[in-house]
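Here the structure comes first, spelled out in structure tokens, and everything after it is commentary.
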2 protein chains.
Amino acid sequence: MMMNVPFRVTSMLEHAERYFAKKGVTSRTMSGIRNFTYREIGERTRRLSSALKRLGVQKGERVGTLAWNHHRHLEAYFAIPGVEAVLHTINIRLSPQHVAFIINHADDQILLIDQDILPLVEHIKDQIPNVKAYILMTDEDQLPQSPLQPMYHYEKLLETGDPDFEFPQNVDENDPVGMCFSSATTGNPKGVTYTHRSTVLHSMLLGLADCGAVSESDVCMPVVPMFHVNAWGLPYAATWFGSKQVMPGPQFTPKLLAELIEMEKVTVTAGVPTIWMGLLREFEQKNYETSSLRAVLCGGSAAPKGMIRAFQEKHNIPFMHAYGMTETSPLVISTRLKSYQIDLDDEAKLDIKAKQGYVVPGVEMRVLGANGDVKWDGNEMGELLLRSNWIADEYYNDDRTEGTFVDGWLHTGDVVTVDEEGFVKIVDRTKDLIKSGGEWISSVDLENAIMAHQDVFEASVIAIPHPEWQERPLACVVLKEEAKDKVTKEEILDYLKPQFVKWWIPDDIVFLDEIPKTSVGKFLKRTLRDQLKDHYMTTAKS
Amino acid sequence: MMMNVPFRVTSMLEHAERYFAKKGVTSRTMSGIRNFTYREIGERTRRLSSALKRLGVQKGERVGTLAWNHHRHLEAYFAIPGVEAVLHTINIRLSPQHVAFIINHADDQILLIDQDILPLVEHIKDQIPNVKAYILMTDEDQLPQSPLQPMYHYEKLLETGDPDFEFPQNVDENDPVGMCFSSATTGNPKGVTYTHRSTVLHSMLLGLADCGAVSESDVCMPVVPMFHVNAWGLPYAATWFGSKQVMPGPQFTPKLLAELIEMEKVTVTAGVPTIWMGLLREFEQKNYETSSLRAVLCGGSAAPKGMIRAFQEKHNIPFMHAYGMTETSPLVISTRLKSYQIDLDDEAKLDIKAKQGYVVPGVEMRVLGANGDVKWDGNEMGELLLRSNWIADEYYNDDRTEGTFVDGWLHTGDVVTVDEEGFVKIVDRTKDLIKSGGEWISSVDLENAIMAHQDVFEASVIAIPHPEWQERPLACVVLKEEAKDKVTKEEILDYLKPQFVKWWIPDDIVFLDEIPKTSVGKFLKRTLRDQLKDHYMTTAKS
């Protein structure tokens with residue numbers, strides 16, 4: 001009937017080599033900014049593929065990268081799938097123990113390493129005995145002394161490679177091409193394996209007019225690291241569609257990003273909220289020419305409404321909120337006003353843009369509450385379930401697969417509401433949700449309300465077992481220094497009462513000196529729950 | 001690794017029902033203009049699916065439509081694949097004999113027919129004995145008298161259908177969903193069968209920012225008939241992406257199209273050059289508000305440069321030239337200036353836009369000349385070969401498959417040149433090309449040059465066997481009435497000489513009273529070649 005041409009990651013680079021040969025990458029490495037055309041990137045990638053093959057990389061084997069956003073990392077993105085191996089982009093911000101764990105769990109055969117990341121790998125060298133070779137992505141002429149052996153010089157390796165290496169054409173589109181690990185709140189990171197099919201379809205998604213709209217006319221700067229869900233797939237899409245790419249390299253301060261936006265006339269950039277907070281602060285310090293920007297894509301965690309407002313109203317920069325996970329490639333939900341919402345007032349539009357958005361074409365969603373699929377009323381809460389060709393169906397060799405991937409659906413662990421238009425808003429994590437008398441209470445909503453109180457420094461609301469109601473909310477509150485011993489529980493509770501239905505109000509408040517936190521500053525609710533698990537068992541009885 | 005969710009045509013409608021329930025279709029039928037939301041279209045489609053099922057339609061069977069562009073036809077687009085049957089959109093502009101042939105060749109079980117097309121089907125009723133039922137898509141309350149039996153009333157059939165009918169979810173993405181026939185220059189039309197996979201991927205293509213950019217914010221009016229390669233796939237893409245659709249119905253005069261553009265604020269429309277010539281003439285007659293238009297897509301045959309100029313320069317309407325065939329779903333090549341071509345002068349940009357363009361993402365191209373792959377110099381000619389997931393790999397039960405689909409490539413039969421940027425320009429059909437001494441000569445280029453002569457009414461250049469050169473060009477020329485018997489062969493040849501290399505110049509000219517033509521006005525070169533096949537065998541000997 002119709003041709004069945006397998007999806008193939010390297011076909012995207014081939015398209016760029018042929019039709020966008022003059023376009024390319026502006027890459028900032030340790031030693032400065034350099035430009036490469038897609039013709040050059042293509043040739044260098046082919047050289048790298050042939051060199052990897054000569055180093056013995058076999059089909060299906062994993063090759064790891066520990067690298068920032070630059071042209072060599074982009075070459076690895078295609079060269080590793082180009083020998084039918086699996087690109088494992090390693091999150092260098094994990095603890096050294098976790099980095100060693102995922103290198104071993106993935107069974108990486110070769111590691112490609114940036115020079116400034118070398119000390120991290122040297123530090124764990126005794127824990128990763130199965131790695132057979134190291135390739136240093138360096139700008140220097142000579143390799144440094146290193147206990148990591150054998151070590152190859154990236155550029156010299158390329159010199160020995162074949163510039164006409166032919167990428168295998170008859171691949172199975174369901175073969176693996178990529179691997180990323182998702183950090184878990186407990187235990188080791190969990191691995192996800194992407195395929196040709198998932199990668200090419202996700203790249204196509206990013207070109208859709210309503211979902212990224214990556215175009216030949218774009219200048220695309222991924223600030224999100226290439227080890228963070230493949231920089232959200234932008235390097236693949238931007239190459240395929242012939243966008244110019246700006247790779248910000250190893251250090252990206254707000255100042256540097258602002259300068260690159262101005263200098264390279266960046267049209268689309270992507271990153272997490274903390275990056276954009278920093279950029280806003282930089283914009284306060286100095287005027288930059290940013291009129292080229294057509295979209296700031298923001299994901300990773302929820303963007304505060306004030307930040308969206310500042311970008312749109314103060315700096316006239318369109319801001320696009322999106323939602324995804326390592327398990328989802330990542331783009332599955334994005335916020336875009338529907339055409340008939342354009343006439344809403346600014347505040348109503350901001351409220352919509354502060355939501356995560358609705359599912360993109362090719363993704364199906366269910367939201368399962370206490371009593372099945374929730375009503376789309378912006379109120380009823382349920383866990384977000386997703387299905388798509390660019391969503392994993394398992395963790396790599398990991399028994400945590402069970403419970404997350406059930407009957408063909410990814411259970412995200414995110415508790416959301418859905419409004420009448422299908423816009424999703426994350427209200428909690430399932431494990432932090434309070435299940436009280438068959439109804440659900442969002443810990444996040446309560447926390448945000450308490451933290452808005454003028455005397456509160458920080459607050460965490462947790463679910464505590466209750467003899468009658470199964471669980472009840474308990475508020476853990478840290479008062480500002482000057483308010484300590486002055487503000488009472490009753491004052492906080494009275495403050496909350498007008499804002500919530502009665503049964504949402506915490507039964508009690510515990511004043512603490514600080515909320516325990518993870519290494520990245522997130523509340524360690526698990527610790528709090530352990531410490532306070534008997535609170536209502538004793539108080540309810542008394 | 002990753003979920004493998006089969007591509008499925010009905011998933012696109014489901015997405016519209018869920019996320020674009022308030023958007024929909026403005027449909028013009030025999031009785032006027034009506035509006036339907038996607039929620040309504042979804043419900044009506046489900047009713048139609050369940051009714052078709054009750055009428056006995058089985059998986060894989062073909063159901064034919066003979067209908068214009070309106071909401072009911074759109075419902076059939078989804079309802080027929082919705083019972084795993086095959087939507088066969090019948091080109092009602094074919095001869096009655098060919099219409100009967102394709103109904104029989106496809107083995108259509110049921111026909112859905114517009115009221116004004118009923119006479120055509122009644123005319124051929126004795127030739128299509130296998131059709132089991134007829135469904136009349138009528139605005140009238142009652143069915144007319146008709147010899148076609150059994151006949152069902154579309155709206156009454158819907159009333160009996162199940163509004164909650166569930167579309168099968170676990171389809172094979174390579175199962176057939178659609179069928180179109182391509183008219184052949186000789187013999188019967190050739191059938192092509194589309195699949196879920198090809199249809200969904202082609203729809204996704206139309207959403208890419210650089211290839212149609214179909215968006216929720218669009219108002220999309222397909223003027224190209226829904227029986228012409230599925231209106232180029234626009235009804236599927238526009239539904240999936242939540243665009244408003246404007247369906248112009250049974251009669252679409254230039255005046256009506258201009259009024260719809262103005263009234264409905266159409267943003268994107270698509271059709272063949274003759275439609276746009278008519279619209280330009282209408283624009284000359286009367287002023288219309290057309291500023292909503294962001295793209296006029298043009299395909300089917302080459303758009304004259306003057307027409308592109310008029311749209312862009314005179315009316316400030318962006319014009320997009322595209323290339324495709326029934327065999328290619330159809331979009332495979334489109335013209336879009338590369339970002340660094342924007343600064344060229346207007347004439348150079350028009351020259352680029354008058355070319356067919358370069359291949360879209362997901363399509364591979366080869367151009368095979370006399371000596372293998374041609375140079376991309378805008379000069380060397382070769383046959384265009386294409387490969388993609390939305391290109392057929394065979395004709396339906398037709399031995400003409402051989403010779404067209406070879407080693408995984410579609411041989412288009414179009415002779416093209418490719419410039420340095422990869423832009424394709426069609427210069428001839430392979431069968432009309434003149435192969436002289438191992439080199440190729442474009443009959444079309446010579447014809448255009450001769451027809452530019454002030455005394456020439458029309459001209460056709462054909463390949464004639466030659467004892468020494470294999471083939472040589474022969475020009476068949478019809479002079480204008482006032483020039484007859486006054487202009488000589490030598491004058492025409494002298495006129496050509498400065499424009500072409502010497503060996504391109506026809507060896508002889510034959511003056512005719514008229515050029516034989518097909519029913520749609522194309523030159524019948526085959527007839528000319530048959531009549532004149534011995535011309536050089538005798539003249540070269542003498």
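Letters A, B, ... are given to chains in the order of the sequence lines, protein chains preceding strands, and every chain is numbered from 1.
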When heavy-atom pairs shorter than 4.5 Å are enumerated against chain B, which of [options] gives the highest number?
options                        : result
A:M1, A:E394, A:K22, A:M179    : A:M1
A:M12, A:E421, A:M2            : A:M2
A:R18, A:E14, A:K23, A:K338    : A:K338
A:V363, A:V214, A:L337, A:L208 : A:L208
A:G408, A:A392, A:G422         : A:A392
A:D393, A:N4, A:V200           : A:D393

For A:G362 and B:W240, work out which heavy atoms get closest and say how close.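 Scanning both residues, the minimum pair turns out to be N-CZ2, 3.7 Å.
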What are the two closest heavy atoms between A:A213 and B:A209, and how far apart are they?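 Shortest heavy-atom separation between A:A213 and B:A209 comes out as O-CB, 3.6 Å.
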Kindly indicate whether the side chain of [X], heavy atoms from C-beta on, has any atom under 4.5 Å from the side chain of [Y].
X      : Y      : result
A:E216 : B:R336 : yes
A:K244 : B:Y340 : no
A:M3   : B:L410 : yes
A:E364 : B:S11  : no
B:L205 : A:M204 : yes
B:F7   : A:L201 : yes

Relative to chain A, which segment of [X] carries a heavy atom at a distance below 4.5 Å: side chain, backbone, both, or neither?
X      : value
B:Q341 : neither
B:S203 : neither
B:L206 : neither
B:N174 : both
B:V359 : both

Parallel, tilted or perpendicular: which describes the rings of A:Y358 and B:Y19, with under 30° parallel and over 60° perpendicular?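 Aromatic pair A:Y358/B:Y19 classed parallel.
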Check this for me: [X], atom [atom1], are more than 12 non-hydrogen atoms of other residues, nucleotides or ligands nearer than 6.0 Å?
X      : atom1 : answer
A:K265 : NZ    : no
B:R39  : CZ    : no
A:D377 : CG    : yes
B:K349 : NZ    : yes

Out of [options], which one racks up the most heavy-atom pairs below 4.5 Å with chain A?
options                : answer
B:S215, B:S329, B:S217 : B:S215
B:P361, B:S198, B:P176 : B:P361
B:I391, B:D218, B:T195 : B:I391

Under a 4.5 Å heavy-atom cut-off, does chain B meet the side chain of [X], its backbone, both or neither?
X      : answer
A:I342 : neither
A:D210 : side chain
A:E420 : neither
A:R197 : side chain
A:T401 : neither

Gap between atom CZ of B:F241 and atom SG of A:C211 - 0.5 Å precision: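 So the gap between those two atoms works out to 7.5 Å.
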